[in-house]
Amino acid sequence: MGESLVQRLALEGFDPVWWRDGNSVFAERKVRLSDLGLMICDIRLPDIDGEEVFRRATSTADAPPFLFITAHADIDQAIRLMRAGAGDFVTKPFAMDDFLTRISAVLRSPPARHEASLGVSKQMRAIEDLLRRAAETPLPVLIAGETGVGKEVAARFLHAVSSRANAPFMAVNCAAIPADLLESEIFGHERGAFTGAATRHVGFAERAKAGILFLDEIGDLPMSLQGKLLRLLEDGSFLRVGGEMPVPFRARIVAASNRDLPASVKQGMFREDLLFRLNAIAIEIPALRHRPEDIPWLIDFLFPVQQAEARGIRGISTFAEEEALNHSWPGNVRELRNRLFRATALSQNEMIMPADMFPERNEVPFADDFFPTLAEVRDAAERRQIERALGATDRQIEKSARMLGISRTTLWEKMRRLGVEGD
């Protein structure tokens, strides 16, 4: 039955994955359950039963809906699974048309595909999809990641795709404002609250109105202010410094940190209760070195076209792009942007070369001894494109081969010749 179902589903335009026993579902590393639109599962399996598969699968994030196949003797168990959250069940034997109708009713719709705004890698596409889904909720968002990965960019994207887009986006860098001024800057102060307070000052929390209050480097917020921020989240209001009347807070809080906040909690530097409130929706942006397929896209996106045209620069050479793909990018996207702008400002070539982007390496890429042959250039381009396809498919050979327009065997041969690792 499994083989016939796989064949029919393929004919219907699906991309089925067939596991012959329950444990294989969780041993497989090439396919993530969160990427599946539906799990069709027999209740009786050779090793563990379908109920155990359902229990283990639904303990993971974003598990797919389940459609169970059952015999008459297992109907009570199937009903119990429906009450536990399964999508539907069919009883053997069944008509294929009815089976396909049940699939259509339960199948999870794929996320709408938009033009990439944060990146083309699978990780950034998933983050963008999560931000779109979270856009209309009032829950706080905590964005984590290394310096320069684009945490504020992600926060501004969340603001732009939400119904708050026309309301203010107020960004506060908690590490850049002196601690003794930070409370007044965030919450404002009343006239006469302290020496020099000649007039009332409206803080960022009040100026955000119904928009977003973005608290960058929240890990640097003094403990004395963490309690006041927690009170704001719980009560939906705050007091200006020196004030007695609560001020309603209507904005949404989005916080960001490059620190390990759970570790800061253990060290007594960050309140655990505040962390629980802030990370209602937690997002971690991976470092650029962990998503190399975003590098060419970012180069095109960030390249200063007007500056380049003014200096007669036509673009970026494939050699420079190759060097960018091999670079570890400790400063992440911010470093990439800065290198592009510096190279465009200082390059004496019509095309940006590796030495323009990475002058600290003091290489002479076009000396006779180093000039690459056409075969070397072709191999480098093929290696780069194969790596991109493998990255986009979680290194699934068959899907990568289809993306590249070649056979599975040809892809394996190219990977062996070019030194590209498989799984």
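This one's a predicted model, so the numbers in the text were calculated from it and none came from an experiment.
Residue-environment remark: CZ (Arg108) exceeds the threshold of 12 foreign heavy atoms within 6.0 Å. Atom CD of Gln348 sits in a sparse spot, with 12 or fewer heavy atoms from other residues, nucleotides or ligands closer than 6.0 Å. Glu12 CD: more than 12 foreign heavy atoms inside a 6.0 Å radius. Remark: Glu3 CD is loosely packed, at most 12 non-hydrogen atoms of other residues, nucleotides or ligands lying under 6.0 Å away. Counting non-hydrogen atoms of neighbouring residues, nucleotides and ligands closer than 6.0 angstrom, the CD atom of Gln306 reaches no more than 12 such neighbours. Crowding of Lys209 atom NZ: a count of heavy atoms from other residues, nucleotides or ligands under 6.0 Å not exceeding 12. For Arg277, the CZ atom counts as densely surrounded, since its 6.0 Å shell holds more than 12 non-hydrogen atoms of other residues, nucleotides or ligands.
Judged purely by atom type and a 3.5 angstrom limit, Asp49 uses its side chain to pair as donor or acceptor with the backbone of Glu52. The backbone N or O of His290 sits less than 3.5 Å from a side-chain atom of Gln123, completing a donor-acceptor pair. With hydrogens and angles disregarded, a donor-acceptor distance shorter than 3.5 Å links the side chain of Lys151 to the backbone of Glu146. A side-chain donor-acceptor contact under 3.5 Å links Glu128 to the backbone of Ser117. Asn332 places a side-chain N or O within donor-acceptor distance of the main-chain N or O of Leu288, the cut-off being under 3.5 Å. The closest donor-acceptor contact from the side chain of Trp329 to the backbone of Ala324 lies under 3.5 Å. In this structure, the side chain of Asp294 engages the main chain of Val120 through a donor-acceptor pair within 3.5 Å. In this structure, the side chain of Gln226 engages the main chain of Arg271 through a donor-acceptor pair within 3.5 Å. With Arg259 contributing its side chain and Ser264 its backbone, the two residues share no donor-acceptor pair below 3.5 Å. Looking only at distances, a side-chain donor or acceptor of Arg252 sits under 3.5 Å from a matching main-chain atom of Leu139.
Pairs passing the salt bridge (charged side-chain N to carboxylate O under 4.0 Å, His left out) check and including a residue from residues 157-170, sequence neighbours excluded, do not occur.
Between Ser400 and Ala389 the shortest heavy-atom distance is OG-O, 3.4 Å. When all heavy atoms of Ala63 and Ala57 are compared, the closest pair comes out as CB-O, 3.3 Å. Here the closest non-hydrogen pair linking Ala255 and Leu278 is CB-CD2, 4.3 Å.
Ring geometry for Trp297 against Phe301 counts as parallel: the plane angle stays under 30°, on a 0 to 90° scale with 60° as the upper cut. Taking the six-membered ring where tryptophan is involved, the planes of Phe249 and Phe238 are perpendicular, since the angle between them exceeds 60° and thus also 30°. Ring orientation note: the planes of Phe54 and Phe66 are nearly perpendicular, at an angle over 60° on the 30°/60° scale.
Stacking of Arg20 on the aromatic ring of Trp18 is recorded, both the 6.0 Å distance cut-off and the 45° axial limit being met. With Phe204 as the aromatic partner, Arg207 meets the cation-pi criteria of under 6.0 angstrom to the ring centre and within 45 degrees of the ring axis.
When Asp356, Thr344, Ile352 are each tested for a side chain to side chain contact (heavy atoms under 4.5 Å, CB included) with Ile316, only one passes: Ile352.
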